[in-house]
There are 2 protein chains.
Amino acid sequence: MLIVITGNGKGKTTSAIGQGIRALGRGKKVLMVQFIKSPQWKSGEDFVIEKLKGFDLIKGGKGFVGILGDNLPFEEHQLSAQKTFELAKAKLKDYDFLILDEINVALSLKLLDKDKVLSFLKEVPEEKVVILTGRGALPEIIELADLVSEIKEVKHPFKEGKKAKIGIEY
Amino acid sequence: MLIVITGNGKGKTTSAIGQGIRALGRGKKVLMVQFIKSPQWKSGEDFVIEKLKGFDLIKGGKGFVGILGDNLPFEEHQLSAQKTFELAKAKLKDYDFLILDEINVALSLKLLDKDKVLSFLKEVPEEKVVILTGRGALPEIIELADLVSEIKEVKHPFKEGKKAKIGIEY
């Protein structure tokens, strides 16, 4: 089963985490693999997930791409996304529930090869759940998915000049 | 800070839970109070949350209202929603982060008095976070909120005749 959580609104990653928590409560083994997000950059949920038996987290990104002071060569972002994707593919056999966090962004930035990701997704066994998050999901991904939610931003305090808040945004 | 998660799509409650997990990881005390959802009806996340120190859950509902075999008098649903709301109000002082799950539904069904809820929300201290979930958020609630996300259903397997799946829907 393929689930896509996309859109420009807040709550995509947290929704996937909540889904993971729900599945964990039903005895499923959960893995979240994060693209873009790097191990140097901790988010509040990381501290809880690392204590949850049966819910694993791999942060495979190198941070924002091309914005906010990023000065890594694009190829390095690509290489790390590709490695992360290969790792996720290899790990799927050990889990029931796989979250590919921000993979939609990695795809739209062309850090990952679309065709490789699509072939992988087509071969996910029926009994496993794979969730793909991130804004700008590609049409081919939406086409392939069983369930697609779009989170729309109706109102956001950033727009009113407030800063990202610890425990809320990260 | 008031956050509203509304819309007809999947992922509102799970997103609020993920937000709660994030806040918990930053040392916040989290309470989720559920309207509509009853203690008799367990969802996967309940089994995880009950083991998390600092994340509490109160299921204060009496189940679906007026559908799916519900035969409780409407007044009983109202009474239980009102009690649950009073409990949430009283508990706020002991928590940093309060999730009022499905309160938007309780409001649109008129299980709760809109004005009472609005006055409470207007008095939430700046440093606390209150999240309101459920489809059909009232315009007055959206107006008052700092951050509003709408989850739109783009594609849902129920529509193709598949049944609700344990660990996914509940």
Side-chain angles (χ1 to χ4, degrees), chain A residues 1 3-28 42-55 96-97 129 137 142-143 145-160 162 165-170, chain B residues 1 3-28 42-55 96-97 129 137 142-143 145-160 162 165-170:
Chain A
M1 182 184 208
I3 299 177
V4 172
I5 308 174
T6 191
N8 66 348
K10 190 177 159 37
K12 295 180 289 293
T13 299
T14 50
S15 181
I17 292 167
Q19 283 286 322
I21 296 282
R22 177 171 292 171
L24 181 68
R26 296 299 186 180
K28 306 292 181 188
K42 290 286 220 174
S43 191
E45 61 271 28
D46 301 355
F47 305 104
V48 178
I49 292 172
E50 67 192 19
K51 287 185 205 149
L52 288 176
K53 202 171 147 6
F55 195 144
D96 308 296
F97 199 100
V129 176
I142 290 177
E143 177 61 33
D146 299 292
L147 194 156
V148 180
S149 293
E150 182 195 349
I151 305 192
K152 277 179 59 181
E153 178 183 297
V154 178
K155 208 174 179 183
H156 197 298
F158 278 15
K159 295 255 163 96
E160 292 167 20
K162 293 191 189 172
K165 223 174 158 178
I166 189 165
I168 302 282
E169 306 290 338
Y170 61 93
Chain B
M1 183 184 208
I3 299 176
V4 172
I5 308 174
T6 191
N8 66 347
K10 190 177 160 35
K12 296 180 288 294
T13 299
T14 50
S15 180
I17 291 167
Q19 282 287 320
I21 296 282
R22 178 171 291 172
L24 181 68
R26 296 299 186 182
K28 307 291 180 190
K42 289 286 221 174
S43 191
E45 60 271 28
D46 302 355
F47 305 104
V48 179
I49 293 172
E50 68 192 20
K51 288 186 206 150
L52 288 177
K53 202 171 148 4
F55 195 144
D96 308 295
F97 200 99
V129 176
I142 289 177
E143 176 60 34
D146 299 292
L147 194 155
V148 180
S149 293
E150 182 196 349
I151 306 192
K152 278 179 59 181
E153 178 183 299
V154 178
K155 208 174 181 183
H156 197 297
F158 279 15
K159 295 256 164 95
E160 294 167 20
K162 293 190 188 171
K165 223 172 156 179
I166 190 166
I168 302 281
E169 307 290 337
Y170 60 95

So, do [X] and [Y] sit near enough that their side-chain heavy atoms are less than 4.5 Å apart?
X        : Y        : answer
B:Lys155 : A:Leu147 : no
A:Glu45  : B:Gln19  : no
B:Leu52  : A:Leu52  : yes
B:Ser43  : A:Arg22  : yes
B:Glu150 : A:Glu150 : no

State, to 0.1 Å, how close [X] and [Y] come at their nearest heavy-atom pair, and which atoms those are.
X        : Y       : answer
A:Ser149 : B:Gly9  : OG-C, 4.4 Å
B:Ile168 : A:Met1  : CD1-SD, 4.1 Å
B:Gly11  : A:Ser15 : O-OG, 3.3 Å

**Message:** For B:Ile151, is there any backbone N or O sitting under 3.5 Å from a side-chain donor or acceptor partner on A:Lys152?
**Reply:** no

**Asked** In Å and rounded to the nearest 0.5 Å, what is the OH to CZ distance from B:Tyr170 to A:Arg26?
**Response** 6.5 Å

**Prompt:** chain B: which of A:Asn8, A:Ile17, A:Ile21, A:Thr6 shares the most heavy-atom pairs with it under 4.5 Å?
**Reply:** A:Ile21

**Message:** Heavy-atom cut-off 4.5 Å, strictly under: side chain, backbone, both or neither for B:Thr13 against chain A?
**Reply:** side chain

**Request:** Decide if atom CD of A:Glu143 counts as having more than 12 heavy atoms of other residues, nucleotides or ligands within a radius under 6.0 Å.
**Result:** no

**Prompt:** With a 4.5 angstrom heavy-atom cut-off, which part of A:Phe97 approaches chain B: side chain, backbone, both or neither?
**Reply:** side chain

**Message:** Is A:Ile5 close to chain B through its backbone or its side chain, or both, or neither, when contacts mean heavy atoms under 4.5 Å?
**Reply:** neither

